[in-house]
Amino acid sequence: MIPSLSTNSIRQIAAIFGIIAVIFGAFGAHALKVQLSATALENWKTAVNYQFVHALALLLLATLPTTRFIRLSAWFFTLGIVCFSGSLYLLSLKEILTINTAFVGPVTPIGGLFFIIGWVSLFFSAFKKN
């Protein structure tokens, strides 16, 4: 059973992730620019980019009739943002944080897999008869 998500819930999730992406993008461009290496800053930008793209994808889902595949897609996009972008944010900050981020590395590809499953679910939603 897929936990129920209404279009309003999906829209709220999209807005929250969009807000965070803007804040993190500005934070990276200004505050972190002088503190991170070029590679770490590039990883930060990748995380922001994927978060933005999938926040917009969630917003698109909120305009569609809610079906099982749309709910699946929304859940997997959400998990993808948390795992993929979240792990990249942490990995980018490992230079200035005093925490061990070794456990975070394997989470990034899992987040990417969640994004793929979300897109596949959206694909299959086109074949679902309402």
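The structure displayed is predicted, hence computed values, not measured ones. Values reported hereafter were calculated over all heavy atoms of this structure, with side chains retained and with hydrogens, waters and symmetry mates removed.
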Should V34 and L97 be regarded as members of a common hydrophobic cluster, given that ILVMFWY residues are connected when their side-chain heavy atoms come within less than 4.5 Å of each other, either directly or indirectly?
-> no
What is the distance from atom CD1 of I13 to atom CG of N8, rounded to the nearest 0.5 Å?
-> 11.0 Å
Are L113 and L72 connected, step by step, through hydrophobic side chains (Ile, Leu, Val, Met, Phe, Trp, Tyr) whose heavy atoms are closer than 4.5 Å?
-> yes
Do Q51 side-chain atoms and F17 backbone N/O form a donor-acceptor pair below 3.5 Å?
-> yes
Got a second to check how far L59's CG is from T7's OG1, nearest 0.5 Å?
-> 11.0 Å
Atom CG in L88, atom CD in E42: separation rounded to 0.5 Å?
-> 11.0 Å
For T101, check side chain to side chain contact (heavy atoms under 4.5 Å, CB included) against everything at least two apart and list the hits.
-> L91, K94, I99, V104
Is F114 reachable from F124 through a run of I, L, V, M, F, W or Y residues, each pair having side-chain heavy atoms under 4.5 Å apart?
-> yes
Tell me yes or no: between the side chains of S121 and S73, is some donor less than 3.5 Å from an acceptor?
-> no
Pairwise distance OG(S9) to CZ(R71) - rounded to 0.5 angstrom | 11.5 Å
Can you sort out the partners of F84 under ring pair (Phe, Tyr, Trp, His ring centres under 6.0 Å), two or more places apart, ordered by chain and number?
-> Y50, F115
Are L93 and L32 side-chain neighbours, meaning at least one heavy-atom pair lies under 4.5 Å?
-> yes
Given the rule in the side-chain contact (heavy atoms from CB on, under 4.5 Å) test, do L122 and L64 qualify, once you have shown the distances and angles that lead to the verdict?
-> CA-CA 10 Å; L122 179 59; L64 301 174; 4.1 Å; yes
Under the side chain to side chain contact (heavy atoms under 4.5 Å, CB included) test, residues paired with F52 that sit two or more places apart = A21, V22, V48
For F123, the ring pair (Phe, Tyr, Trp, His ring centres under 6.0 Å) test, sequence neighbours excluded, returns F127
Please list, chain by chain and in numerical order, all residues satisfying ring pair (Phe, Tyr, Trp, His ring centres under 6.0 Å) with F24, sequence neighbours excluded.
-> W44, Y89
NZ of K33 to CG of L41, rounded to nearest 0.5 Å, is 8.5 Å
Within-4.5 Å side-chain heavy-atom neighbours: L61 and L5 | no
If you look at every heavy atom in S85 and A47, which pair is closest and at what distance?
-> OG-O, 2.9 Å
Taking all non-hydrogen atoms of both residues into account, name the closest pair between A14 and A55 and its distance.
-> CB-O, 3.4 Å
Which pair of non-hydrogen atoms, one from P65 and one from I70, has the smallest distance, and what is that distance?
-> O-CG1, 3.6 Å
I23 with L90, same ILVMFWY side-chain cluster at under 4.5 Å | yes
Distance (rounded to the nearest 0.5 Å) between E95 CD and T39 OG1 = 8.0 Å
A40 and S92 have their tightest heavy-atom pair at O-OG, 3.1 Å
Using the rule that two of Ile, Leu, Val, Met, Phe, Trp, Tyr join whenever any of their side-chain heavy atoms come within less than 4.5 Å, decide whether W119 and I81 are in one cluster.
-> yes
Name all pairs fulfilling the ring-ring contact (aromatic ring centres under 6.0 Å, His included) condition that reach into residues 90-112, sequence neighbours left out, sorted by first residue then second.
-> none
